Number of protein chains: 2
Amino acid sequence: MLISTKGDYGVRALIDLAKHEGEGPVQRADIARRRQVPESYLDHLLAQLRRDGFIRSTRGPGGGHELARSPADVRLLDVLESLEGSLAPIGCVADVTDSGQESLCGQRWVWQGIYENMRERLSGVTLAELVEHERDHERDAAVNYSI
Amino acid sequence: MLISTKGDYGVRALIDLAKHEGEGPVQRADIARRRQVPESYLDHLLAQLRRDGFIRSTRGPGGGHELARSPADVRLLDVLESLEGSLAPIGCVADVTDSGQESLCGQRWVWQGIYENMRERLSGVTLAELVEHERDHERDAAVNYSI
DNA sequence: TGTATTCCCGACTAAATCACTCGACATTGT
DNA sequence: ACAATGTCGAGTGATTTAGTCGGGAATACA
């Protein structure tokens, strides 16, 4: 599995922030409840998203988390790579500077194309589109993530 | 990482068998040496490939392993799914009969397309083509996998 | 029949990763 | 001062990865 709960939960959190944009900071506990993510785990994901500049956080009463950029400027690819690390499906297509060792993996040429296609598709999707899609399908907190 | 050493080593083994087709059974020790795979680990991979009908094995002196079908009839997709299980990149596109629970994952529509593209590409590549490619690039035992 | 060769199979293990929990601490509004 | 919030790092149980190991079964051959 290329994408674990890290990527899934993290994207859920960003979608939640996007849907509540302009309403001031959103609290971790609210995101956790609405998106059905364990709060103490969400903590780590928000920390990572903050380190990579996707969100801004403020402490104290009334604090919480906000998007640092417009949802239309946030690419799914970047979010997932922030949360999951490299999305390379097989070792021999890793995005390291391919200096020195030519890969031993004979399937490289096949996977290279798959990887590029994947990155292209994920680059083409923004947080704004994910929100739009969720709205179209009436998937929101109350509908899908609550008990 | 979607593909682990299981998939990598297993494909290497099949390529080796394909290159020695018609020369009688190929021994595990020879595959292991030529393809730089731990022999005791290769054991498990060959067992899996046999269970799924990719190879035939014979015991005793002069025994070994042979392809059960023509290399042109073996799709990379099938080999990898045999060795790795489902290649679904994210839980919500799993190929289970999607009865009941509609997935909660909002990225599903994106990943569905990526998954389909991946499976199409992997379906289009046969063992024969992998061998051909290796021959073109002079990647054989003596060239790449030995010390 | 005996023996060497080869595959077959299941048990075991060390290390890494996943999916969390927990507690101590920092910051801030009232 | 104090309560509400986020921040950070350590710890944990379950699962997966990448193997090893040893005993057993089948077979060719002398």
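What you are looking at is a predicted structure, and each value in this text was computed from that prediction instead of being measured. Here is the naming used below: chain letters follow the sequence lines, and residue numbers restart at 1 for every chain.
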Which one of B/Leu2, B/Asp8, B/Leu122 satisfies the side-chain contact (heavy atoms from CB on, under 4.5 Å) criterion with B/Leu80? B/Leu122
Considering non-hydrogen atoms only, spot the tightest contact between B/Pro89 and B/Tyr115 and give its length. CD-CD1, 3.6 Å
Separation between CD (A/Gln112) and CZ (B/Arg121), nearest 0.5 Å, reads 10.5 Å
Working to the nearest 0.5 angstrom, can you tell me the gap between A/Ser82 OG and A/Arg50 CZ? 11.0 Å
Collect all protein-nucleotide pairs involving nucleotides 24-28 of chain D in which both atoms are nitrogen or oxygen and the distance is under 3.5 Å.
from	atom 1	to	atom 2	distance (Å)
D/dA25	N3	B/Arg59	NH1	3.1

Quick one: closest heavy-atom pair of A/His65 and A/Ser57, and the distance? ND1-OG, 2.8 Å
With distance as the sole criterion, is a donor-acceptor pair present between the side chains of A/Thr126 and A/Glu129 under 3.5 Å? yes
Taking NZ, NE, NH1 and NH2 as the nitrogens, is one of them in A/Glu84 or A/Lys6 under 4.0 Å from a carboxylate oxygen of the other? no
Nearest whole angstrom, please: distance from the P of D/dA4 to the NE2 of A/His65. 17 Å
Separation of B/Ile3 atom CD1 from D/dT17 atom C1', in whole Å? 14 Å
With the threshold set at under 4.0 Å for non-hydrogen atoms, list the residues of residues 43-50 of chain A touching DNA chain C in residue-number order. A/His44
Hey, are A/Glu134 and A/Arg34 close enough for a salt bridge, meaning a charged N less than 4.0 Å from a carboxylate O? no
Nearest nucleotide by nearest heavy atom, which residue falls closer to the 5' end of DNA chain C, B/Ser57 or A/Pro38? B/Ser57
Start and end of the DNA chain C segment that chain A contacts, any atom under 4.0 Å from a heavy atom: C/dC18 to C/dG29
For A/Ser40, answer base if it contacts any base atom (sugar-phosphate contacts may also be present), sugar-phosphate if it contacts only those atoms, and nothing otherwise; contact means non-hydrogen atoms under 4.0 Å. base
Rounded to whole Å, how long is the line connecting atom CZ of A/Arg33 with atom C1' of D/dT5? 15 Å
Return the CG to CG distance between B/Leu67 and B/Asp16, rounded to the nearest 0.5 Å. 10.0 Å
Rounded off to whole Å, could you give me the OH-to-P distance for the A/Tyr41 and D/dG11 pair? 19 Å
Check ion pair A/Glu81-A/Arg119 (N to O, under 4.0 angstrom): yes
For A/Tyr9 and A/Pro38, work out which heavy atoms get closest and say how close. CE1-CD, 3.9 Å
Which residue, A/Ala29 or B/Met1, contacts DNA chain D at a nucleotide closer to its 5' end, judged by nearest heavy atom? A/Ala29
Which part of the nucleic acid, if any, lies within contact of A/Thr5, taking any heavy atom under 4.0 Å across all strands shown: a base, the sugar-phosphate backbone alone, or nothing? sugar-phosphate
